[in-house]
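Heads up, the thing below is written out as structure tokens.
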Amino acid sequence: MGLLSKKDSKLILDPLADNNPITIQVLGICSALAITAQLKASIVMTISVLFVMGVGNVVISLIRNIIPSKIRIIVQLTVVAALVIIVDQVLKAFSYQLSKELGAFIGLIITNCIIMGRFEAFALGNGLWRSFLDGIGNALGYGVILIIVGFFRELLGSGTLLGFKVLGDPIAKTGVYAYGYENNGFMLLAPMALIVVGIIIWVQRSRNKALIEDH
Amino acid sequence: MEHLELFFKSIFIDNMVFATFLGMCSYLAVSKKVSTAVGLGAAVIFVLVVTVPVNWLLDQYILQPGALGRWLGEEYASYDLSFLSFIMFIATIATMVQLVEIVVEKFSPSLYNSLGIFLPLIAVNCAILGGSLFMQSREIPTIGLSFVYGLGSGIGWFLAILAIAAIREKIRYSNVPPALRGLGITFIITGLMAIGFMSFGGMLTGGDDEAKEETKAAVIENVEEKKDDKKEIADNTIKAVE
């Protein structure tokens with residue numbers, strides 16, 4: 001990272017692990033769980049959030065000195081809503097099928113707590129470049145969890161990755177299905193998303209004892 | 001009947017927390033004590049009941065394709081403002097929350113004291129915006145039904161946060177593996193509760209469908225039996241002739 005100073009690169013790297021927005025800061029859970037039945041949807045969601053967070057943090061940081069603090073929440077919501085409308089329209093234009101599947105959840109990026117949380121905690125008090133890095137870092141940290149959950153749910157639930165049959169064909173009984181392997185359809189249902197995230201938290205905290213909560 | 005069905009459906013089958021994961025952030029953050037959970041839950045019910053019908057009106061008369069034509073005359077009928085729905089809904093929610101806060105403070109200070117801290121939090125609760133967006137995507141036909149939908153979803157959310165808060169108060173005395181303590185175990189409990197709530201799925205629609213299929217099957221069997229009878233009669237007559 002020759003481009004970034006040590007302090008700046010920390011802004012990007014911290015949220016990926018020890019200060020992860022989902023598993024540690026508990027922000028942005030809603031969409032992380034609802035759309036992760038497929039890897040493709042997780043990736044699209046990550047890119048959307050990356051865009052909204054990066055640009056949104058920059059905008060808020062630019063106008064941070066002129067927003068009256070009493071109405072700052074409405075101003076922030078308006079900025080995010082405008083950015084999300086751009087994402088939604090682009091998705092509708094280039095990938096209509098996917099935008100149908102994601103449905104209301106693209107709109108719910110507006111109230112994704114990660115975005116409001118980072119605006120409040122970081123962009124309102126920091127300069128342009130650092131806010132941008134913080135936005136990118138947190139969106140990537142969010143994306144990492146989304147992609148891990150999406151990977152396992154799609155692989156174990158329907159035996160595919162991004163739609164490719166990596167485990168063989170379940171009907172023609174090729175690949176691992178020839179040995180009697182069955183897809184676990186339960187992984188596609190809503191409750192398993194919660195349990196998979198629970199397990200990720202478990203693994204992360206057993207590796208880093210400093211993160212353990214006392215009840 | 002329609003209203004009652006939607007009411008129970010939005011509480012149990014399409015429960016905000018367990019089926020669509022809406023409002024998870026505050027659900028996880030404010031569920032450490034039952035008393036605060038009750039306060040936030042009540043505020044969510046209140047705001048959902050107000051905002052869903054208001055957004056329904058906005059959707060019907062401004063946002064839908066051709067909606068402007070209904071009351072502004074034919075020349076506006078070709079406008080499609082549905083791309084503005086996110087920004088309209090969130091603006092309505094933010095202002096309604098502010099308005100509700102002012103009204104409640106004025107008329108019922110005791111309610112304000114118990115809800116007060118939570119009201120600003122609610123503007124950014126995904127359950128509220130989610131309620132409006134699902135109302136739009138599920139095309140709820142009348143304002144009465146949208147009111148019922150808001151009420152039902154709110155009560156469903158209230159039930160969920162009340163249940164998890166009660167469990168979290170008790171789990172303090174259990175021997176949870178250290179790395180799972182706090183957030184991890186809460187996720188897993190919520191997952192198990194969601195599995196439990198899935199069993200409500202057959203309550204309204206699933207049961208009916210099965211019953212219909214059974215009667216259909218029975219009808220088909222009857223027809224076949226009659227055919228068999230006719231065959232037997234024919235066979236017998238042929239034998240008799242022989």
Side-chain angles (χ1 to χ4, degrees), chain A residues 22-24 26-35 71 73-74 76-78 80-82 84-85 88-89 92 103-117 120 186 189-209 211-215, chain B residues 17-29 32 83-91 93-95 97-98 120 123-130 132-134 136-138 168 171-173 176-198:
Chain A
I22 293 185
T23 59
I24 310 296
V26 207
L27 297 171
I29 315 276
C30 329
S31 51
L33 299 170
I35 46 97
I71 58 158
I73 291 195
I74 296 186
Q76 288 165 0
L77 284 175
T78 320
V80 189
V84 170
I85 288 177
D88 185 50
Q89 296 292 319
K92 269 189 187 142
F105 288 100
I106 288 289
L108 286 172
I109 296 179
I110 299 173
T111 46
N112 192 324
C113 338
I114 285 189
I115 293 176
M116 296 300 288
E120 285 281 305
F186 201 58
L189 297 175
M192 282 313 288
L194 286 160
I195 293 176
V196 172
V197 176
I199 292 170
I200 293 177
I201 294 175
W202 192 1
V203 171
Q204 190 186 18
R205 293 189 184 182
S206 348
R207 287 165 53 98
N208 187 348
K209 302 282 182 211
L211 300 174
I212 293 175
E213 297 173 48
D214 40 332
H215 289 290
Chain B
V17 173
F18 297 129
T20 48
F21 306 118
L22 293 178
M24 282 301 271
C25 309
S26 24
Y27 168 85
L28 291 169
K32 285 196 175 129
F83 70 95
L84 283 177
S85 41
F86 295 156
I87 215 163
M88 285 288 263
F89 285 174
I90 198 71
I93 289 166
T95 33
V97 168
Q98 203 85 55
V124 286
N125 187 332
C126 0
I128 310 291
L129 182 64
S132 292
L133 289 175
F134 277 122
Q136 191 190 31
S137 66
R138 287 176 192 166
R168 281 181 86 171
I171 212 161
R172 208 163 295 160
Y173 308 108
V176 180
L180 265 181
R181 266 175 210 159
L183 192 59
I185 196 71
T186 314
F187 265 100
I188 291 177
I189 293 170
T190 313
L192 295 176
M193 282 161 76
I195 295 174
F197 264 68
M198 277 169 61

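Letters go in sequence order (proteins before strands), and every chain restarts at 1.
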B:A91 versus chain A, heavy atoms under 4.5 Å apart: side chain, backbone, both or neither? neither
Which heavy atom of B:R181 sits nearest a heavy atom of A:R205, and at what distance? O-NH1, 3.8 Å
Closest non-hydrogen atom pair, A:A81 against B:I90: CB-CG2, 4.1 Å
How about B:F86 and A:D88: do any of their side-chain heavy atoms sit closer than 4.5 Å? yes
Is there a side-chain contact between A:I110 and B:L129, using heavy atoms and a 4.5 Å cut-off? yes
For the interface with chain A, which of B:L133, B:L180, B:L84 has the highest count of heavy-atom pairs at distances below 4.5 Å? B:L180
Would you mind reporting whether A:T78 and B:I87 have side-chain heavy atoms less than 4.5 Å apart? yes
Shortest non-hydrogen contact between B:I195 and A:P191, atoms and distance: CG1-CB, 3.4 Å
Looking at A:G198 and B:F187, what are the two nearest heavy atoms and their distance? CA-CB, 3.9 Å
In the structure I gave you, are the side-chain heavy atoms of B:M193 and A:L194 within less than 4.5 Å of one another anywhere? no
Which atoms of A:L189 approach chain B - backbone, side chain, both or neither, heavy atom under 4.5 Å: side chain
Side chain, backbone, both or neither: which part of B:Y27 has an atom under 4.5 Å from a heavy atom of chain A? neither
Which value, rounded to the nearest 0.5 Å, describes the distance between B:T190 atom OG1 and A:I195 atom CD1? 9.5 Å
